[in-house]
Amino acid sequence: MEYLPTTILATLGGILARLYMLRRDYRQYPSYPQGWAIHLFVGFIGALLGAIMVPSFLEKEFGAVSFMLLAASQFREVRNVERLTLSNMEPTELVPRGAAYIEGIARVFEARNYIAIWISLAIGIVSELLAFSLPLRVMGAIVVAVFLATVLNRLMRGDSISDIADVEIAEIEFDGPLLTVGGVVMMNVGHSEARALYCERALGAKIVPKDPNAKATLANIGQMQAIAHDVSSMVGVFMDVGEQEFTPLVRRDPESGKLVLAMIPAQSSKEAFLEAISNVPVLEGAIRKPLLSVAARMSE
Amino acid sequence: MKVMASHQILAVVSMNRDSVGGQTPIFYVSDHHELEKTSLYLARILMAAIHDLDNGTYILVKH
């Protein structure tokens, strides 16, 4: 087995890279342990594919190479499966994620497998280049794996709301039955007890975009829903099934393009509330850059 | 498959007989206290939100 060290090193590197990219945070997604088992196994398949790419190339087994490229296309299925799972679970969420957020998550999961393939392929190449010495091979593999995993992971990390907007606390007021935050009408709250609860416990915030690009990005409805979902999953939400008047709401001020958010968190901590909003990821599918067009620059 | 009505007026609760009518179930009440009570009960039964039309009428809407 001439290529055994390369195969083992590259597969191990790929699967460790996938493990590194499986982060467990407040979202608890992928779920632990079953979700992890699934993703680690899919990552293992990817890593093995990348690992045996180099030996089959060196052996001039081009049939095998094209077959592996065909196999790599199967990873598209990961995205479909993720989308399906999350969409099926959507009705069980008090505050839904929204289609845009689900699409974003599904895309990330597909992409991470490709990164695992890239990393194991790179390790395979380095390992074959340094084939004359085993210690050098191992060292080279570690260096390449750590370097690539760090760089690719950093490049793949998207912005969060605090990168594109300023988040501040805004006053919650009632204009008759109309709930307004920072002057923007949110909804009509009919029941006086609900209004009293809002006055007592609710927090409001405004998210002011830093530039026209951020303004266009924040105007995405999927992004607004993602803010409502993520903030309520971080600070908790004071509502029960069917209590629609307490659903966290994100609305847009058409004049300035700022977003306003009103919700009743489980604990009324302003700092925690602002921190939660700042950390909501900017959805890849929501990003717009109108400033790259001539028309937008002219209207500036 | 579960079919649910949404963005629809499910019920109307009113103190003002002259300002409401039509096909939606209408609940007439005599005072503001009863208006609040009836609409809250209906809201919890229908899992709907209460909206105030400011003319002595509340509507229950499923969003």
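In what follows, every chain begins at residue 1, and chains take the letters A, B, ... in the order their sequences are listed.
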Once you leave out hydrogens and angles, what donor-acceptor pairs under 3.5 Å do chain A and chain B share?
from   : atom 1 : to    : atom 2 : distance (Å)
A:N188 : O      : B:H51 : ND1    : 2.5
A:N188 : OD1    : B:D52 : N      : 2.8
A:N188 : ND2    : B:D52 : O      : 2.8
A:G190 : N      : B:I50 : O      : 2.8
A:G190 : O      : B:Y58 : OH     : 3.4
A:H191 : NE2    : B:E36 : O      : 3.0
A:S192 : N      : B:E36 : OE1    : 3.4
A:S192 : N      : B:E36 : OE2    : 3.3
A:S192 : OG     : B:E36 : OE1    : 2.2
A:S192 : OG     : B:E36 : OE2    : 3.3
A:Q244 : OE1    : B:H63 : N      : 2.9
A:Q244 : NE2    : B:H63 : O      : 3.3

Quiz prompt | Whether over 12 other heavy atoms sit under 6.0 Å from A:R76 CZ | solution = no
Exercise. Residue by residue, scan residues 264-276 of chain A and write down, ordered by number, those that have a heavy-atom distance under 4.5 Å to chain B; if none do, write 'none'.
Key: none
Quiz item: How about A:I221: does its CD1 atom have over 12 heavy atoms from other parts shown lying under 6.0 Å from it?
Solution: no
